[in-house]
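In this text, all values refer to a predicted model and were calculated from it rather than measured experimentally. Heads up: numbering here begins at 1 and tracks the sequence.
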Amino acid sequence: MQKVWFVTGSSRGLGRAFVAAALSRGDRVAATARSTASLKELADVHGDAVLPLELDVTDRAAVFDSVRRAKEHFGRLDVIVNNAGYAQVGAVEELTEQELRDQLETNLFGAVWVVQAALPYLREQRSGHIIQLSSAAGVIAMPLGGAYHASKWALEGLNEALAGEVAEFGVKVTIVEPGGFATRNGNNPDPLANGHLATTDPAYDGLRRRLGAMAGKMPAGDPAAAAQALLKLVDSANPPVRVLFGKGFYPLIQQAYADRLRTWADWQDLAIEAHGQLQAG
């Protein structure tokens, strides 16, 4: 069955690959980007099957207008892909208030606006699939990524709650957690080089050097392959709430969860002590 997609952050990277894969199999796509000039090639090739929309996801009114236009243009919406986002890099002490707010405005609030705009249509038609691009960084955290991790961890909890809220309406939610993909110049992206960088404090220079030596060492994933995997995901009758895209991070996540469980177990005596014993009455 032909599907109608609404994809944010379609100008490049995974978002562009998702749009191209959907169009290549005959689906229709409302593709959004900050500038529609970056979408001209898609429109030239695919004609009426693609609806280019200029959109800054931090503008709530513009999000609602774009989703409405997509629904009116295509008649329905089937797959909502919250992909727009970026990485703010910097130690927590280095972050300005504006940098942290901007990170959350785009990665978190922008995604919320899209969900709120699309859900009335999905509920009415009793179907649809919301895809939230999170990250392996939404499950584990590394130094210098506090703002980015905060946005992605928030999305993880938000969308897990959302999945439980909308299941009765026939709407599915999947959190996609990619590792490193070759979204820039064919290389595994190094967030220390390619993210939005906070003004540095020399106190963290040693940490920066150590992390910089390790960054980008994992093999880069192919965005085209990720797009084909996404097609299988949206065609699944019973998609997962969470799925990793890419290899290399699963062992790290296994270890992270094992460490958390062990720490909670090691400190159970204190946890029980903290509960206390209130007297009834």
Distance-minimising heavy-atom pair for [X] and [Y]:
X: L207; Y: P143; answer: CD2-CB, 3.8 Å
X: V81; Y: V79; answer: CG2-CG1, 3.8 Å
X: P240; Y: T174; answer: O-OG1, 2.7 Å
X: L53; Y: T36; answer: C-CG2, 3.6 Å
X: A111; Y: Q132; answer: CB-OE1, 3.4 Å

Discussion item. For the backbone of L233 and the side chain of S236, can you confirm whether one donor and one acceptor N or O come within less than 3.5 Å of each other?
Written reply: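 Checked: no pair found.
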Discussion item. Test your reading of the model: is there a side-chain donor-acceptor pair from Y86 to the backbone of Q103, 3.5 Å cut-off?
Written reply: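 Yes: the side chain of Y86 pairs with the backbone of Q103.
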Can you tell me how far the [atom1] atom of [X] sits from the [atom2] atom of [Y], to the nearest 0.5 Å?
X: Q228; Y: S24; atom1: CD; atom2: OG; answer: 6.0 Å
X: R69; Y: L51; atom1: CZ; atom2: CG; answer: 6.5 Å
X: E94; Y: R208; atom1: CD; atom2: CZ; answer: 4.0 Å
X: W5; Y: I131; atom1: CH2; atom2: CD1; answer: 7.0 Å

How would you list, by chain and number, every residue that makes a side chain to side chain donor-acceptor pair (under 3.5 Å) with [X], sequence neighbours excluded?
X: Q254; answer: Y250
X: Y121; answer: none
X: E54; answer: none
X: T58; answer: D56

Worksheet item: Given the rule in the side-chain contact (heavy atoms from CB on, under 4.5 Å) test, do I175 and L155 qualify, once you have shown the distances and angles that lead to the verdict?
Response: CA-CA 9 Å; I175 306 164; L155 284 171; over 6 Å; no
Within the structure provided, determine whether [X] and [Y] are in side-chain contact (heavy-atom separation under 4.5 Å).
X: Y204; Y: E93; answer: yes
X: M142; Y: H149; answer: yes
X: R101; Y: T96; answer: no
X: N107; Y: Q88; answer: no

Item to complete: Kindly indicate, with the supporting measurements, whether the criterion side-chain contact (heavy atoms from CB on, under 4.5 Å) is fulfilled by K3 and D235.
Response: CA-CA 10 Å; K3 290 181 168 64; D235 289 342; 3.0 Å; yes
Item to complete: Just grab all the salt bridge (Lys or Arg N to Asp or Glu O under 4.0 Å) pairs involving residues 147-159, residues at least two apart or on different chains.
Response: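 Listed by first then second residue: E156-R242.
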Worksheet entry | Pairs involving residues 254-268, ordered by first then second residue, that meet salt bridge (Lys or Arg N to Asp or Glu O under 4.0 Å) (sequence neighbours left out) |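 For residues 254-268: D259-R262.
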Practice prompt. List the steps and the verdict of side-chain contact (heavy atoms from CB on, under 4.5 Å) for R126 and F169.
Written response: CA-CA 5 Å; R126 309 291 294 187; F169 306 121; 3.5 Å; yes
